[in-house]
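Worksheet for the structure shown next.
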Amino acid sequence: MIAGVCTATGQVAKCHGNVNAVLTIDRAIVDAILAHARRDHPDEACGVVAGPIDSDVPTRHIPMDNAARSMTFYEFDSMEHLRVWREMDDLDEEPVVIYHSHTATEAYPSRTDVSFAGEPNAHYLLVSTREPDSEEIRSFRIVDGVVTEEEVNIVDATVKA
Amino acid sequence: MAIEVRIPTILRSYTGGAKIVEGAGDTLTELIDDLDTRHSGLKGRLITPEGGLHRFVNIYVNDEDVRFLGALDAKVKDGDSITILPAVAGGALGFAAAAALLGGL
(Lines give C-alpha, C1' and ligand atoms only; values in the text may rest on other atoms or scores of the structure.)
Protein backbone atom coordinates (compact mmCIF):
# COMPACT_ATOMS: atom_id res chain seq x y z
CA MET A 1 0.00 0.00 0.00
CA ILE A 2 1.28 3.43 -0.83
CA ALA A 3 1.95 5.64 2.15
CA GLY A 4 -0.01 8.82 2.43
CA VAL A 5 -3.29 7.77 0.83
CA CYS A 6 -5.95 10.01 2.26
CA THR A 7 -9.66 10.56 2.02
CA ALA A 8 -10.80 12.66 -0.86
CA THR A 9 -12.43 15.85 0.29
CA GLY A 10 -10.07 17.08 2.98
CA GLN A 11 -6.90 16.65 0.98
CA VAL A 12 -8.26 18.12 -2.22
CA ALA A 13 -9.70 21.10 -0.41
CA LYS A 14 -6.33 21.64 1.21
CA CYS A 15 -4.34 21.34 -2.02
CA HIS A 16 -6.56 23.11 -4.53
CA GLY A 17 -8.97 26.00 -4.48
CA ASN A 18 -10.94 25.21 -7.60
CA VAL A 19 -10.99 21.45 -7.77
CA ASN A 20 -13.81 19.08 -7.12
CA ALA A 21 -13.13 15.52 -6.05
CA VAL A 22 -14.63 14.26 -9.25
CA LEU A 23 -13.50 14.02 -12.83
CA THR A 24 -16.29 14.84 -15.26
CA ILE A 25 -15.38 13.63 -18.73
CA ASP A 26 -17.20 13.11 -21.98
CA ARG A 27 -18.01 9.55 -23.01
CA ALA A 28 -16.53 10.10 -26.48
CA ILE A 29 -13.17 10.98 -24.92
CA VAL A 30 -13.26 8.00 -22.56
CA ASP A 31 -14.05 5.74 -25.53
CA ALA A 32 -11.09 7.21 -27.46
CA ILE A 33 -8.76 6.66 -24.47
CA LEU A 34 -9.94 3.06 -24.10
CA ALA A 35 -9.48 2.46 -27.83
CA HIS A 36 -5.93 3.85 -27.57
CA ALA A 37 -5.16 1.62 -24.58
CA ARG A 38 -6.55 -1.46 -26.40
CA ARG A 39 -4.63 -0.60 -29.55
CA ASP A 40 -1.29 -0.37 -27.73
CA HIS A 41 -1.89 -3.35 -25.42
CA PRO A 42 0.22 -5.13 -24.16
CA ASP A 43 2.39 -1.99 -24.12
CA GLU A 44 1.26 0.85 -21.90
CA ALA A 45 -0.52 3.71 -23.66
CA CYS A 46 -0.38 7.35 -22.53
CA GLY A 47 -1.74 10.74 -23.39
CA VAL A 48 -3.38 13.97 -22.35
CA VAL A 49 -6.80 15.56 -22.46
CA ALA A 50 -6.42 19.33 -22.67
CA GLY A 51 -9.03 21.81 -21.59
CA PRO A 52 -9.37 25.57 -21.06
CA ILE A 53 -7.23 26.85 -18.16
CA ASP A 54 -9.07 26.70 -14.81
CA SER A 55 -12.17 25.14 -16.41
CA ASP A 56 -11.47 21.62 -15.09
CA VAL A 57 -13.20 20.42 -18.28
CA PRO A 58 -11.23 18.04 -20.50
CA THR A 59 -12.13 18.76 -24.13
CA ARG A 60 -9.26 17.84 -26.47
CA HIS A 61 -7.86 14.29 -26.51
CA ILE A 62 -4.18 14.07 -27.46
CA PRO A 63 -2.83 10.50 -27.64
CA MET A 64 0.94 10.59 -27.01
CA ASP A 65 3.66 8.17 -28.05
CA ASN A 66 5.00 5.97 -25.31
CA ALA A 67 8.71 6.57 -25.96
CA ALA A 68 9.54 3.65 -23.66
CA ARG A 69 7.37 1.23 -25.70
CA SER A 70 7.13 -0.98 -22.66
CA MET A 71 4.57 -3.23 -21.01
CA THR A 72 5.45 -1.79 -17.60
CA PHE A 73 6.66 1.76 -18.18
CA TYR A 74 5.56 4.81 -20.10
CA GLU A 75 7.29 8.03 -20.89
CA PHE A 76 6.33 10.95 -23.12
CA ASP A 77 8.78 11.64 -25.91
CA SER A 78 10.47 14.85 -24.75
CA MET A 79 10.11 16.70 -28.05
CA GLU A 80 6.46 15.72 -28.51
CA HIS A 81 5.91 16.79 -24.90
CA LEU A 82 7.34 20.28 -25.57
CA ARG A 83 5.33 20.65 -28.78
CA VAL A 84 2.03 19.64 -27.17
CA TRP A 85 2.59 21.78 -24.04
CA ARG A 86 3.38 24.84 -26.24
CA GLU A 87 0.28 24.18 -28.30
CA MET A 88 -1.81 24.10 -25.11
CA ASP A 89 -0.17 27.35 -23.99
CA ASP A 90 -1.05 29.01 -27.30
CA LEU A 91 -4.67 27.87 -26.97
CA ASP A 92 -4.94 28.93 -23.28
CA GLU A 93 -5.31 25.29 -22.32
CA GLU A 94 -3.76 23.11 -19.66
CA PRO A 95 -3.45 19.34 -19.21
CA VAL A 96 -6.73 18.62 -17.40
CA VAL A 97 -6.22 14.85 -17.65
CA ILE A 98 -3.00 12.85 -17.95
CA TYR A 99 -3.75 9.20 -18.65
CA HIS A 100 -1.94 5.94 -19.05
CA SER A 101 -2.74 2.26 -19.04
CA HIS A 102 -1.60 -0.61 -16.88
CA THR A 103 -1.81 -3.72 -18.98
CA ALA A 104 -1.42 -6.51 -16.43
CA THR A 105 -2.25 -4.87 -13.10
CA GLU A 106 -4.98 -2.75 -11.53
CA ALA A 107 -5.71 0.85 -12.46
CA TYR A 108 -4.03 2.29 -9.39
CA PRO A 109 -0.95 4.55 -9.33
CA SER A 110 2.31 2.65 -8.83
CA ARG A 111 5.16 4.07 -6.77
CA THR A 112 6.75 5.09 -10.06
CA ASP A 113 3.59 6.94 -11.09
CA VAL A 114 3.56 8.80 -7.78
CA SER A 115 7.26 9.68 -7.97
CA PHE A 116 6.90 11.20 -11.42
CA ALA A 117 3.56 12.94 -10.96
CA GLY A 118 4.50 16.55 -11.70
CA GLU A 119 1.25 18.22 -12.67
CA PRO A 120 -0.56 19.02 -9.40
CA ASN A 121 -3.62 20.38 -11.22
CA ALA A 122 -4.13 17.33 -13.45
CA HIS A 123 -6.45 14.40 -13.00
CA TYR A 124 -4.35 11.26 -13.35
CA LEU A 125 -6.57 8.80 -15.17
CA LEU A 126 -5.56 5.15 -15.14
CA VAL A 127 -7.02 2.45 -17.33
CA SER A 128 -6.38 -1.25 -16.89
CA THR A 129 -6.59 -3.51 -19.92
CA ARG A 130 -5.68 -6.69 -18.05
CA GLU A 131 -9.15 -8.17 -18.68
CA PRO A 132 -9.83 -8.68 -22.40
CA ASP A 133 -13.56 -7.96 -22.15
CA SER A 134 -13.80 -5.18 -19.60
CA GLU A 135 -11.86 -2.09 -18.64
CA GLU A 136 -11.19 -0.53 -15.30
CA ILE A 137 -11.09 3.29 -15.29
CA ARG A 138 -10.07 5.20 -12.19
CA SER A 139 -8.94 8.76 -11.55
CA PHE A 140 -6.62 10.26 -8.97
CA ARG A 141 -5.06 13.48 -7.80
CA ILE A 142 -1.38 13.06 -7.03
CA VAL A 143 0.04 16.02 -5.09
CA ASP A 144 3.28 15.98 -3.10
CA GLY A 145 3.32 12.19 -3.17
CA VAL A 146 -0.22 11.91 -1.83
CA VAL A 147 -2.68 9.86 -3.89
CA THR A 148 -6.35 10.78 -3.65
CA GLU A 149 -8.89 8.79 -5.61
CA GLU A 150 -11.82 10.66 -7.06
CA GLU A 151 -15.04 9.74 -8.80
CA VAL A 152 -15.16 9.46 -12.57
CA ASN A 153 -18.38 10.97 -13.89
CA ILE A 154 -18.82 10.00 -17.54
CA VAL A 155 -21.28 12.24 -19.32
CA ASP A 156 -22.57 12.74 -22.84
CA ALA A 157 -21.82 15.79 -24.93
CA THR A 158 -19.73 18.17 -22.86
CA VAL A 159 -17.66 18.45 -26.02
CA LYS A 160 -19.03 20.53 -28.83
CA ALA A 161 -19.41 18.56 -32.04
CA MET B 1 18.92 41.28 -22.15
CA ALA B 2 18.66 38.16 -20.08
CA ILE B 3 17.76 34.51 -20.37
CA GLU B 4 14.06 33.82 -19.98
CA VAL B 5 13.13 30.72 -17.99
CA ARG B 6 9.60 29.26 -18.05
CA ILE B 7 8.70 27.63 -14.76
CA PRO B 8 6.10 24.83 -14.54
CA THR B 9 3.23 25.00 -12.02
CA ILE B 10 4.84 22.51 -9.66
CA LEU B 11 7.98 24.64 -9.23
CA ARG B 12 6.30 28.04 -8.93
CA SER B 13 6.39 27.78 -5.16
CA TYR B 14 10.09 28.65 -5.57
CA THR B 15 9.43 31.69 -7.76
CA GLY B 16 6.68 33.38 -5.77
CA GLY B 17 4.16 32.09 -8.27
CA ALA B 18 5.96 33.57 -11.29
CA LYS B 19 5.55 31.66 -14.54
CA ILE B 20 8.57 33.30 -16.17
CA VAL B 21 11.77 34.38 -14.44
CA GLU B 22 15.06 35.71 -15.77
CA GLY B 23 18.61 34.65 -15.17
CA ALA B 24 22.16 34.78 -16.48
CA GLY B 25 25.04 32.44 -17.19
CA ASP B 26 27.08 30.84 -19.98
CA THR B 27 26.00 27.27 -19.28
CA LEU B 28 22.88 25.65 -17.90
CA THR B 29 24.73 24.97 -14.63
CA GLU B 30 25.63 28.65 -14.24
CA LEU B 31 22.09 29.70 -15.10
CA ILE B 32 20.62 27.33 -12.50
CA ASP B 33 23.12 28.55 -9.87
CA ASP B 34 22.12 32.12 -10.66
CA LEU B 35 18.40 31.33 -10.43
CA ASP B 36 18.93 29.58 -7.10
CA THR B 37 20.37 32.76 -5.57
CA ARG B 38 16.95 34.42 -5.97
CA HIS B 39 14.73 31.33 -5.99
CA SER B 40 16.26 29.24 -3.26
CA GLY B 41 15.57 25.53 -3.52
CA LEU B 42 14.94 25.49 -7.26
CA LYS B 43 18.35 23.98 -7.97
CA GLY B 44 17.59 20.98 -5.75
CA ARG B 45 14.56 20.17 -7.88
CA LEU B 46 16.55 20.25 -11.11
CA ILE B 47 19.89 18.73 -10.16
CA THR B 48 20.45 15.50 -8.22
CA PRO B 49 22.73 15.35 -5.14
CA GLU B 50 25.21 13.56 -7.45
CA GLY B 51 25.28 16.58 -9.75
CA GLY B 52 23.27 15.23 -12.70
CA LEU B 53 20.15 16.54 -14.33
CA HIS B 54 17.11 15.25 -12.47
CA ARG B 55 15.15 12.48 -14.15
CA PHE B 56 11.86 14.11 -13.12
CA VAL B 57 12.30 17.20 -15.29
CA ASN B 58 12.89 18.00 -18.92
CA ILE B 59 14.77 21.20 -19.68
CA TYR B 60 14.80 22.75 -23.13
CA VAL B 61 17.01 25.48 -24.57
CA ASN B 62 14.78 27.13 -27.16
CA ASP B 63 13.47 24.07 -29.05
CA GLU B 64 16.07 21.51 -27.97
CA ASP B 65 16.08 19.03 -25.11
CA VAL B 66 19.26 19.79 -23.14
CA ARG B 67 19.98 16.07 -22.91
CA PHE B 68 20.99 16.39 -26.58
CA LEU B 69 23.03 19.55 -25.93
CA GLY B 70 25.40 18.36 -23.23
CA ALA B 71 22.90 18.40 -20.37
CA LEU B 72 24.11 20.73 -17.60
CA ASP B 73 27.04 21.82 -19.78
CA ALA B 74 24.65 23.08 -22.46
CA LYS B 75 25.61 26.57 -23.61
CA VAL B 76 23.10 29.35 -23.01
CA LYS B 77 23.15 33.03 -23.93
CA ASP B 78 21.17 36.21 -23.58
CA GLY B 79 17.96 36.01 -25.55
CA ASP B 80 17.60 32.25 -25.15
CA SER B 81 14.34 30.89 -23.83
CA ILE B 82 14.58 28.00 -21.39
CA THR B 83 11.55 25.81 -20.70
CA ILE B 84 11.31 23.48 -17.74
CA LEU B 85 8.63 20.76 -17.87
CA PRO B 86 7.99 18.00 -15.35
CA ALA B 87 8.71 14.71 -17.15
CA VAL B 88 5.55 12.71 -17.73
CA ALA B 89 6.35 9.08 -17.06
CA GLY B 90 5.38 6.18 -14.86
CA GLY B 91 3.83 2.78 -15.26
CA ALA B 92 3.24 -0.47 -13.52
CA LEU B 93 6.93 -1.29 -13.18
CA GLY B 94 8.14 -1.18 -9.59
CA PHE B 95 10.10 1.90 -8.62
CA ALA B 96 13.35 0.03 -7.96
CA ALA B 97 13.15 -1.72 -11.32
CA ALA B 98 12.35 1.56 -13.08
CA ALA B 99 15.31 3.22 -11.37
CA ALA B 100 17.61 0.42 -12.51
CA LEU B 101 16.27 0.61 -16.06
CA LEU B 102 16.69 4.36 -16.23
CA GLY B 103 20.09 4.46 -14.59
CA GLY B 104 18.95 5.95 -11.32
CA LEU B 105 16.14 8.30 -10.42
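Residue numbers begin at 1 in each chain, while the letters A, B, ... track the order of the sequences.
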Does any heavy atom of chain B fall under 4.5 Å from the side chain of A:Ala67, the backbone, both, or neither of them? neither

Assert top hit (heavy-atom pairs under 4.5 Å, partner chain B, pool A:Asp113, A:Leu82, A:Asn66) equals A:Leu82

For residues A:Ser139 and A:Glu150, is any side-chain donor paired with an opposing acceptor at under 3.5 Å? yes

At a heavy-atom separation under 4.5 Å, does A:Arg86 approach chain B through its side chain, its backbone, both, or neither? side chain

Any side-chain donor-acceptor pair under 3.5 Å between A:His102 and A:Ser128? no

Modelled atom types, side-chain donor and acceptor of A:Arg141 and A:Asn121, under 3.5 Å: no

Among B:Asn58, B:Leu85, B:Thr9, which residue has the highest count of heavy-atom pairs closer than 4.5 Å to chain A? B:Leu85

Checking heavy atoms, do the side chain of A:Ser78, its backbone, both or neither come under 4.5 Å from chain B? both

Ring centres under 6.0 angstrom apart (A:Tyr108, A:Phe140): yes

Is B:Arg6 close to chain A through its backbone or its side chain, or both, or neither, when contacts mean heavy atoms under 4.5 Å? side chain

Can you tell which of B:Ala87, B:Ala89, B:Pro8 has the highest number of heavy-atom pairs within less than 4.5 Å of chain A? B:Ala89

About how many Å separate OG of A:Ser115 and CD1 of A:Ile142, when rounded to the nearest 0.5 Å? 9.5 Å

Proximal component of B:Asp65, with respect to chain A [non-hydrogen, under 4.5 Å]: both

Could you tell me which portion of A:His100 (side chain, backbone, both or neither) has an atom closer than 4.5 angstrom to a non-hydrogen atom of chain B? side chain

Between B:Glu4 and B:Ser81, do the side chains contain an N or O donor and an N or O acceptor separated by less than 3.5 Å? yes

Engaged part of A:Asp43 at the chain B interface, taking heavy atoms whose separation is under 4.5 Å: neither

More than 12 heavy atoms from other groups under 6.0 Å of CD on A:Glu87: yes

